[in-house]
Amino acid sequence: MTTQDELRPTLTTEAGAPVADNQNTETAGVGGPALIQDQLLFEKLAHFNRERIPERVVHARGAAAYGTFTVTADLSQYTRAAFLSEVGKQTEVFLRFSTVAGNLGSADAVRDPRGFAVKFYTEEGNYDLVGNNTPVFFIKDAIKFPDFIHTQKRDPYTGSQEADNVWDFWGLSPEATHQVTWLFGDRGIPASYRHMNGYGSHTFQWQNEAGEHFWVKYHFKTDQGIRNLTQGEADKLAGEDPDSHQRDLRESIERGEYPTWTVQVQVMPAADAAGYRFNPFDLTKVWPHADYPLIEVGRLELNRNPENVFAEVEQSIFSPAHFVPGIGPSPDKMLQGRLFAYADAHRYRVGINADHLPVNRPHATEARTNSRDGHLYDGRHGRQKNYEPNSFGGPVQTGRPLWAATAVDGPTGNHATPAHAEDDDFVQAGNLYRLYSEDEKQRLIANLAGFIAKVSADREDIVERAVDNFRRADADYGQRLEAAVRELRKQ
Ligand code: HEM
């Protein structure tokens, strides 16, 4: 044994007993079968079999980093959230980026929205803003989400993503036309996680100290500049370097090049909502900046890599229902569905005590609940009483709701999202198309046509419905797309 070896710690079993041999299984005789008394062998094989937890049902593939949010402008006239209360105030954050449809081991450089999930570890509890790099979404009602995702994921028979399913669903869901026009444009494949914007996407409620409330949309503008990949560049990169985005984020932070985003909000006074030209709670619509300008609120910097990907990234949990005082939900039906879906996913995927893990628990305050026990409970509450009300000095409620109550009216029912004066499913898709440069229009048409052309030859009806939605957004858009698809399907 060298001196070096003598300094090294002894390898042990899970129970801490020294391991004599980590190379050779114990056998009955030389060259004989293994013995049950080799508990090290069984312990290793059994633990290995249980290394995986279920991957996220969407957004399985991702990368994350810690950082700091700094307030740069005082917006306390709109919200009483403590972490936004004064210029210069800093809050620790954890941001996980992701793709949506791919499995855990899929490539980063693909055409897909990117998740942009931020956890603010505030002194009033963790605030999670679980957004995307797109300001809108494909659908406007949570009840359609499982069906939509089924079309993006693997077909039950072929086990692959199928153009038939994707275009069938989109063709039958005209509200997707805006987001699809966005996704197949240049920003549909970001060059890296650092070179894209993030959006809260939904409308949220802010409430100020006086009790007034506002409707708010969040924008995170990359300070690195927007950079994208063309379909050809992405196809090559995805094959050669499937971990491209994950590596780029980690290495830039290792080099001390900390990516930053300027955080802005659009604020709508509550009284405007009913008469606004678009339904402000429809996730397939933006609020044009001319109507509600961007107001800067802060700067977000990422500056620390996780030490352990499984512990901190795979087991991290973000929930749109994690609000803090002064911030709350809007009646957006997508958001309302998400308020249930995430915590439910966490209980299944990570377990009932997922909130106790270091990455997930509050960092700037502590959780004080009477929930107890369950799998892998660490006994943190000791002998404290586990019920309320109690007369033993346990934690008590504040009596003040986190956000403002809003009025409702009318009968219950499976109502469609109400349409405001200028609402239809095509107007903003057409506006976006007309905003693109001629070059970008050509790439958009080529990207869409390349995918639509893959629809089965005997399902022209799917192609027709899909193209018709783009025609309704803009006649030129539809006509050029139809010609490009026909050309490709002739080949
Ligand atoms: C009703 C519609 C939606 C439902 C039911 C839904 C459901 C889910 C579920 C179950 C997960 C996995 C959570 C986990 O296992 O930790 C997830 C992840 C995610 N979703 Fe959604 N989602 C919806 C819409 C959206 C929208 C509109 C956005 C963005 C604006 C979004 C952004 C994300 C992100 C970023 C993640 C990954 C979070 C992380 O990094 O852990 N989702 N979603």
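Computed over heavy atoms, backbone and side chain alike; hydrogens, waters and symmetry mates excluded. Start at 1 and go down the list; that is how both ligands and their atoms are numbered.
Aromatic pair Phe169/Phe148: ring centres closer than 6.0 Å. Taking the six-membered ring wherever Trp is involved, the centroid distance between the rings of Phe451 and Trp167 falls below 6.0 Å. If you look at Trp215 and Tyr276, their ring centroids are not closer than 6.0 Å.
Remark: among candidates Gln315, Arg96, Glu314, Gln336, the nearest residue to atom 39 (C) of ligand 1 is Arg96, based on non-hydrogen atoms. For atom 29 (C) of ligand 1, the candidate residues are Val58, Asn132, Thr134; the nearest heavy-atom contact is made by Asn132. Nearest-heavy-atom check against atom 2 (C) of ligand 1 across Phe145, Phe94, Phe97, Phe148 picks out Phe145.
Using a 4.0 Å cut-off to heavy atoms of Val57, the atoms of ligand 1 that qualify are 10 (C). Applying the 4.0 Å criterion to heavy atoms of Gly115 picks out, from ligand 1, the atoms 35 (C). Numbered from 1 in the order shown, with element, the atoms of ligand 1 that lie under 4.0 Å from a heavy atom of Ala142 read 1 (C). The ligand atoms of ligand 1 that sit less than 4.0 angstrom from a heavy atom of Phe137 are 27 (C). Proximity to Ala341 (heavy-atom distance under 4.0 Å) selects the following atoms of ligand 1: 5 (C). Each of the following atoms of ligand 1 lies closer than 4.0 Å to a heavy atom of Leu283: 27 (C).
Applying the side-chain hydrogen bond (donor to acceptor under 3.5 Å, both in side chains) test between Lys140 and each of Asp425, Thr417, Asp332 identifies Asp425 as the sole match.
Counting protein heavy atoms only, atom 15 (O) of ligand 1 is closest to Arg349 NE, 2.7 Å. Summary of contacts: the protein heavy atom closest to atom 36 (C) of ligand 1 is His59 CG, 3.2 Å. For atom 31 (C) of ligand 1, the nearest non-hydrogen atom of the protein is Arg338 NH2, 3.0 Å. Looking at atom 43 (N) of ligand 1, its nearest protein heavy atom turns out to be Tyr342 OH, 2.7 Å. The protein heavy-atom contact nearest to atom 35 (C) of ligand 1 is Gly131 O, 3.2 Å.
Annotation for Arg227: atom CZ does not count as buried by contact number, only 12 or fewer foreign heavy atoms lying within 6.0 Å. Remark: Arg255 CZ is packed, more than 12 non-hydrogen atoms of other residues, nucleotides or ligands lying under 6.0 Å away. Other residues, nucleotides and ligands place no more than 12 heavy atoms under 6.0 Å from the NE2 atom of His150.
Side-chain N/O atoms of Glu124 and Thr122 include no donor and acceptor closer than 3.5 Å. Judged purely by distance below 3.5 Å, without hydrogens or angles, the side chains of Arg96 and His59 never pair a donor atom with an acceptor atom. Judged by distance alone, the side chains of Gln205 and Ser330 never bring a donor and an acceptor atom under 3.5 Å apart. Glu55 and Asn103 share a donor-acceptor pair across their side chains, judged by distance under 3.5 Å alone.
Considering backbone and side-chain N/O atoms, Ser201 never comes within less than 3.5 Å of an N/O atom of ligand 1. The distance criterion of under 3.5 Å between nitrogen or oxygen atoms is not met by His202 with respect to ligand 1. An N or O contact shorter than 3.5 Å links His346 to ligand 1 by distance. Between Arg56 and ligand 1, an N or O atom pair is found at a separation short of 3.5 Å.
Classified by interplanar angle (parallel below 30°, tilted 30° to 60°, perpendicular above 60°), the ring pair Tyr342/His346 is perpendicular.
When heavy-atom distances to ligand 1 are checked against a 4.0 Å cut-off, Met334 comes that close through both its backbone and its side chain.
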